[in-house]
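Comments concern the structure below.
Excluded from the calculations below are hydrogen atoms, water molecules and symmetry mates; all remaining heavy atoms, backbone and side chain alike, are included.
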Amino acid sequence: MRKLSLLLLLFFAWIGTSTAQNPNIVLIVADDLGYGDLSAYGAEDLQSPALDSLAASGIQFNQFYANSSVCSPTRAALLSGRYPPLVGVPGVIRTHASDNWGHLSKDAKLLPELLRNQGYHTAMIGKWHLGLNAPQRPIDRGFEHFEGFLGDMMDDYYHHQRHGLNYMRRGEEVIRPTGHATDLFTDWAVNYIESRTASPAPFFLYLAYNAPHTPIQPPDEWITRIREREPHMNETRAKLVALIEHMDDGIGRVLASLEENGFHDDTIVIFISDNGGQLNVGANNGLLREGKGTMYEGGLRIPAIISWPGHSPSGMTSDALLTTMDLYPTLLEVAQARTSHVIDGISFLPLLLNGKKPDPERTLFFSRREGNLRFGGKTIEAVRKGPWKLLQNSPYTSLELYHLERDPLETTNLASTEPDIFRQLATMLRQYIQDSGRIPWQ
């Protein structure tokens, strides 16, 4: 009897330890935020105190890549841990079938589904952009709670419509909330965090802002702030800065809510952008070449910050070569979830815990399928292996080769002077294109 009691004590102690080791997860995604559009990343005309403080308390990544240079593919990779075409999302999922370039595979095992199996309560707030109807909505794909926008971009931050259609939902319910979308998403996130105090179960909150995607429509009071502080800033840049600072203020409220509700010490917070900034609306991608939609560094490299109190170092910067799909296996390992299916991303939990970097020579692929006269339904791609990067930025131009360590701004095309490297990477890229073509996306 004494032995049985001891075994029961050990069992319940193990359960308690296991639960304590599963932190809450808050994953925040900005939409089209440029690599240089936070003060932590060098912006001198912009103030982002909330995200700067998050970086000071955690790890700031300098070579973190989106899996594509546009929205839907990156989000598919983030939630599936796979290259986007391999889960049916080679391009942007849109309202009209004639301009739609993806359909999320029903076989893709999404992060919220697997976290639910580990006892997590799962919630998504904000922009979904991976399907408009059942069975492709958040509540069909593992999220127990959803408040947000199913579509791609909003035509207006206050009316919340796309092509005259309302894609705002609470669960399955069509809703018509009033207010700026950034404020709504922040309010809903804060309300959700407060609601979790009633349950001991860990939670996964995926908070995806529309900001700072077009239309560049910040609240008037935020434009006034920027004009008073930066009177010589041009109008285009001032509006974008106001929209970013407004979002940062909302993120500050979310972080404060974690603190106020006793979750700060038991929560890992991740912040990323879904791709590079859009240059023609005033985005700043630092010194990187080009921006959103391209296969150059300005379209693919993104700001990324992770803070995990008591586990990860604070005030650290890392040049580890990582992508959005790497968050999937990392967070599953954090949650102690076992998986047997194919995952293209790699866990970088050892980096978070002890600074151990993944293989710097790893091979990574990037792609985008798009319509209109510029693309004609074709794809653009890139492959990076170690410091080498081969890319085709238009389906109608030649492949370009760069050595990113010697030429981080991609100024000198080495395609004709490094034929062996060129052939090696081109062969890899063709294989990736073949693999991608096996998965239906229409």
Is the distance between the ring centroids of Tyr41 and Tyr35 under 6.0 Å?
-> yes

Within a radius of less than 6.0 Å around CD of Glu173, do more than 12 heavy atoms belonging to other residues, nucleotides or ligands occur?
-> yes

Mind checking the CD-OG spacing from Gln278 to Ser69? Nearest 0.5 Å is all I need.
-> 11.5 Å

Tell me whether the centres of the aromatic rings in Phe149 and Phe185 are closer together than 6.0 Å.
-> no

Distance-minimising heavy-atom pair for Pro303 and Leu38 | CB-CD1, 4.2 Å

Are Phe375 and Tyr396 near enough that their ring centres are under 6.0 Å apart?
-> no

Do the side-chain N and O atoms of Glu400 and Tyr296 include a donor-acceptor pair separated by under 3.5 angstrom?
-> yes

NZ/NE/NH1/NH2 to OD/OE distance under 4.0 Å, Glu113 and Arg141 = yes

For the side chain of Thr363 and the backbone of Lys385, is there at least one donor-acceptor N/O pair under 3.5 Å apart?
-> no

For residues Asn22 and Gln336, is any side-chain donor paired with an opposing acceptor at under 3.5 Å?
-> yes

Tyr192 and His145 aromatic centres sub-6.0 Å = yes

Which distance, rounded to the nearest 0.5 Å, do you find between the CG of Leu240 and the CG of Asn284?
-> 9.5 Å

Does Arg94 come within less than 4.0 Å of Glu370, counting only side-chain N to carboxylate O?
-> yes

Would a line drawn from the ring center of Phe365 to the ring center of Tyr432 be shorter than 6.0 Å?
-> yes

Could you tell me whether the side chains of Thr186 and Tyr209 share a donor-acceptor contact shorter than 3.5 Å?
-> yes

Looking at Lys389 and Glu405, does any basic side-chain N land under 4.0 Å from a carboxylate oxygen?
-> no

Kindly say whether the aromatic ring centers of His246 and His180 come within a distance under 6.0 Å.
-> yes

May I ask you to check whether Gln63 and Arg384 show a side-chain donor-acceptor distance below 3.5 Å?
-> yes

Are Leu130 and Gln136 side-chain neighbours, meaning at least one heavy-atom pair lies under 4.5 Å?
-> no

Can the positive tip of Arg116 be found less than 6.0 Å from the middle of the six-membered ring of Phe143, inside 45° of the ring normal?
-> no

So does Asp220 have more than 12 non-hydrogen atoms from other groups sitting under 6.0 Å from CG?
-> no

If you measure from the Lys or Arg side-chain nitrogens to the Asp or Glu carboxylate oxygens, is any gap between Arg253 and Asp187 under 4.0 Å?
-> yes

For Tyr167, the side chain to side chain donor-acceptor pair (under 3.5 Å) test, sequence neighbours excluded, returns none

Look only at the side chain of Ser68 and the backbone of Ser367, and say whether a donor-acceptor pair between them is shorter than 3.5 Å.
-> yes

Output yes when Arg82 and Asp107 qualify as a salt bridge under the 4.0 Å nitrogen-oxygen rule, no when they do not.
-> no

Side chain to side chain donor-acceptor pair (under 3.5 Å) filter on Thr397, not counting sequence neighbours, yields none

Donor-acceptor pair between Thr197 and Asn261 side chains, under 3.5 angstrom = no

Leu287, CG: over 12 other non-hydrogen atoms inside 6.0 angstrom | no

Ion pair Lys127/Asp274, N-O distance below 4.0 Å | no

Would you find a donor on one side and an acceptor on the other, under 3.5 Å apart, between the side chain of Tyr157 and the backbone of Thr214?
-> no

Spell out, as yes or no, whether a donor-acceptor pair under 3.5 Å connects the side chain of Ser72 to the backbone of Ile93.
-> yes

Is a side-chain donor-acceptor pair under 3.5 Å present for Glu333 with Ser347?
-> yes

Indicate whether any N or O donor in one side chain lies under 3.5 Å from an N or O acceptor in the other, for Asn275 and Thr74.
-> no

Is any side-chain N of the basic residue among Arg289 and Glu297 closer than 4.0 Å to the acidic one's carboxylate O?
-> no

Which residues share a side chain to side chain donor-acceptor pair (under 3.5 Å) with Asp248, sequence neighbours left out | none

Does any N or O in the side chain of Arg237 come within less than 3.5 Å of the main-chain N or O of Lys239, such that one atom is a donor and the other an acceptor?
-> no

Does His103 have its ring centroid less than 6.0 Å away from the ring centroid of Trp441?
-> no

